[in-house]
Amino acid sequence: MLEVRIARSVGSLQLDVDLSVSSGTVLVAGPNGAGKTTLLHLILGVSRPDAGRILLDGRPLFDGRVDVPAERRRLGYVPQDSALFPHLDVLGNVAFGLGHLPRAERRDRAGAWLTKLGVSDLARRRIAALSGGERQRVALARALAREPRALLLDEPFASLDPTSRRELRASVRGWLADWRLPALIVSHDPADASVADRIAVMERGRIVQQGTAEQLRAAPVSDFVAGFAARQAT
Amino acid sequence: MRSRAWDAVQLASIGLLVSFLLLPVASLGLTLSWDELVTGLRHPLLLPAVRLSLTTSASSLTLVVVLGSLVAWWIARHAGRVSRLIESVTQLPAVIPPAVAGVGLLLAFGRRGLFGAFLERHGIALPFTTPAVVLAETFVSAPFFIQAAIAAFRRVDENLIAVARTLGASPFRTFLRVAVPLSAPGLVAGAAMSWARSLGEFGATLLFAGNLTGRTQTLPLAVYTAMESDLRAARALALVMVAASFGLLLVLRRVSSEGRDA
C-alpha cells in the first residue's frame, strides 16, 4: 500500500496532496498544470517534498527525517514519452535495472518480461525503430523487471494512436488485475479511467475529489470533475 | 540591397576570408621542398618536442576531461547564481591572454606564489618543470571542453535521468551509464577542441614552464626556437603541427556529423 501526504511549493503551484493506493489502481486526473507529474516525481524521490510523508507498505520512503533515495524506493515508473534509453537496444533497456544480477540471469529475466508483455521479438531492435505502442510495452517491461512494489505511470497512452491506445489500455487493465500491484496512473484523458478502480481528481495542486466513476458523475465538486465524468461516460 | 549585389558581397567576403585563412597554412607546405622537409624532420629539436607535446597534452586532456565532466554535469544540473558563477569562473581562462595566464600561474604556483610557497615547503617546485607545462595546458584548454560538455549534458532528457534512478542506478551510475553515452558526441568534440588548444599552447607555457629542450619545450616552443637558427626546421615542425591539427579537425567533423545523425 502506498500512502502519500505531502506538500511542496513549486513556483506558483502549492501542492498539497493526501492520497493512498492499496492493491488496486488509482487514476489521478486533472487539467494541465494541476501538479500531477510533480506529484509522481515527489513520490519517486527525484524531487523532495517540503513536508509530509510517503509510506510504502507501512515503511517510510520520506517523512522529513527519512528520505530514501530514488534508486532504493523500488517504484516502477513509466513516463509519458516512455523515456527509453536511445543508446541501448530493447533488451539493454529492460536489463538496465538488473545490474545486481549475473549477466545470464539478467538477460533471461529481461527476456521473460518482454515475452510477458508480448514484445519478445523486439529484443535486439533499436529504440528508434519501435512504434509508440511497442515503446510503451518495452517501458513497462523495463519498470516491471525490477519487481517494483508499486507502479507509477505518467500519461501512458497519450502518445499512441487510437487503435494502439485501446489495445494497450485493455492489456494494462488485464496485467494490473493479474499482478495486484498498487498502481498510480496520471492522465487527463477520461477514457483512461477504464483502467482504474478509483479516480482522484487533482486541481491546482490538491486532490479535490476521489471515488469511482459513478460517484464522480453523481456529485461532481467542480466543473472539471463534471466535464471529466461526463466525457468518461460517453 | 538588391539580391545580386547581396550575393556578390557574400561571395567576395567568402573569397577574401577563406584566402586569408588558407594562405599562411598553404605557404607552410608550398614553400618547403621534399628534401628540406626531410632535413627539417631530422632536426634534433623535433623528436623531444613531439614526445613532450603528446605526453603533456594527453595528461592535460585527461585532467580536463575527468574533472571537467564532473564540473560540467554539476553545472548542467543546477540552475541559480552559484552555478552561473562557477560556469563563469570555468570560462575565465578563455578570455585571459595566454601570457597573462602564464604570469598568473607563476604568481600562484611560483616559489613565492600564493600556493607555490606552500608547495615549496613540502619539497614541490612546479615552475620550469614538465608538470608546469601540463598545468599551463590544462588552464588554457579547460574552458573549451567544459563549455561543450555543459551544452551536451543540458541536452540530456530529464526523464531519462529520473527513469535511470528509479531503475536502481545511483547518481554516479546514472551519470556514467546514461548521461555520458548520450552526450558522447558533444564530449568528444569538446575534448578535441581542448586538445587542439593544448597542443598549440605557447604563451602561458613559455612564462610558467620555460623553454627547456626535452623538459618543457613543446612543439610550438620548438618552432619558435628553430625560427632563430634554422627556418627549414621551423617550417617542418610547423607542418607536423598543421598535420596534427588537421587530423583533429577531421575527427571533430566526423564526430559532430555522427552526433547529428544519431
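Proteins get letters first, then strands, A, B, ... in listed order; numbering begins at 1 in each. What you see is a predicted model; the values in this text were computed from it and never measured.
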Colleague: More than 12 non-hydrogen atoms from neighbouring residues, nucleotides or ligands closer than 6.0 Å to CZ on A:R59, yes or no?
Modeller: no
Colleague: With heavy-atom distances below 4.5 Å as the criterion, would you say the side chains of A:F96 and B:V163 are in contact?
Modeller: no
Colleague: Please determine whether the number of non-hydrogen atoms from other residues, nucleotides or ligands lying under 6.0 Å from atom CZ of A:R72 exceeds 12.
Modeller: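 Result for CZ/A:R72: open.
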Colleague: Heavy-atom distance under 4.5 Å to chain A: side chain of B:A164, backbone, both or neither?
Modeller: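 Interface part for B:A164: both.
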Colleague: What are the two closest heavy atoms between B:P171 and A:E71, and how far apart are they?
Modeller: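 Distance-wise, the nearest heavy atoms are CD-OE2, 3.5 Å.
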Colleague: Counting only heavy atoms from other residues, nucleotides and ligands, does the tally under 6.0 Å from CE of B:M241 exceed 12?
Modeller: yes
Colleague: Is any side-chain heavy atom of A:L44 closer than 4.5 Å to a side-chain heavy atom of B:T166?
Modeller: yes
Colleague: Closest approach of A:P69 and B:R165, non-hydrogen atoms and distance?
Modeller: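 Shortest heavy-atom contact: CB-NH2, 4.1 Å.
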Colleague: Does A:D81 reach the side chain of B:D157, with side-chain heavy atoms less than 4.5 Å apart?
Modeller: yes
Colleague: Give a yes or no on this: more than 12 heavy atoms of other residues, nucleotides or ligands lie within 6.0 Å of atom CH2 of A:W113.
Modeller: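 Yes, CH2 of A:W113 has more than 12 neighbouring heavy atoms, counting only those of other groups under 6.0 Å.
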Colleague: Please flag which part of A:R142 lies under 4.5 Å from any non-hydrogen atom of chain B: side chain, backbone, both or neither.
Modeller: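 Interface part for A:R142: both.
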Colleague: Do A:S82 and B:N159 come within less than 4.5 Å of each other through their side chains, counting heavy atoms only?
Modeller: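 Counting from C-beta outward, A:S82 and B:N159 never come under 4.5 Å.
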Colleague: Take atom CZ of B:R173 as the centre, draw a 6.0 Å sphere, and report whether it contains more than 12 heavy atoms from other residues, nucleotides or ligands.
Modeller: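 Yes, CZ of B:R173 has more than 12 neighbouring heavy atoms, counting only those of other groups under 6.0 Å.
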Colleague: Could you tell me which portion of A:L84 (side chain, backbone, both or neither) has an atom closer than 4.5 angstrom to a non-hydrogen atom of chain B?
Modeller: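 Backbone only.
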Colleague: Can you check whether B:R177's main-chain N or O pairs, donor with acceptor, with A:H87's side chain at less than 3.5 Å?
Modeller: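 Yes, because the side chain of A:H87 sits within donor-acceptor range (under 3.5 Å) of the backbone of B:R177.
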Colleague: Rounded to the nearest 0.5 Å, what separation is found between the CG atom of B:L167 and the CZ atom of A:R146?
Modeller: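 Reported to 0.5 Å precision, the distance equals 6.5 Å.
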Colleague: For A:R169, does the CZ atom have more than 12 heavy-atom neighbours from other residues, nucleotides or ligands under 6.0 Å away?
Modeller: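 More than 12 within 6.0 Å, yes.
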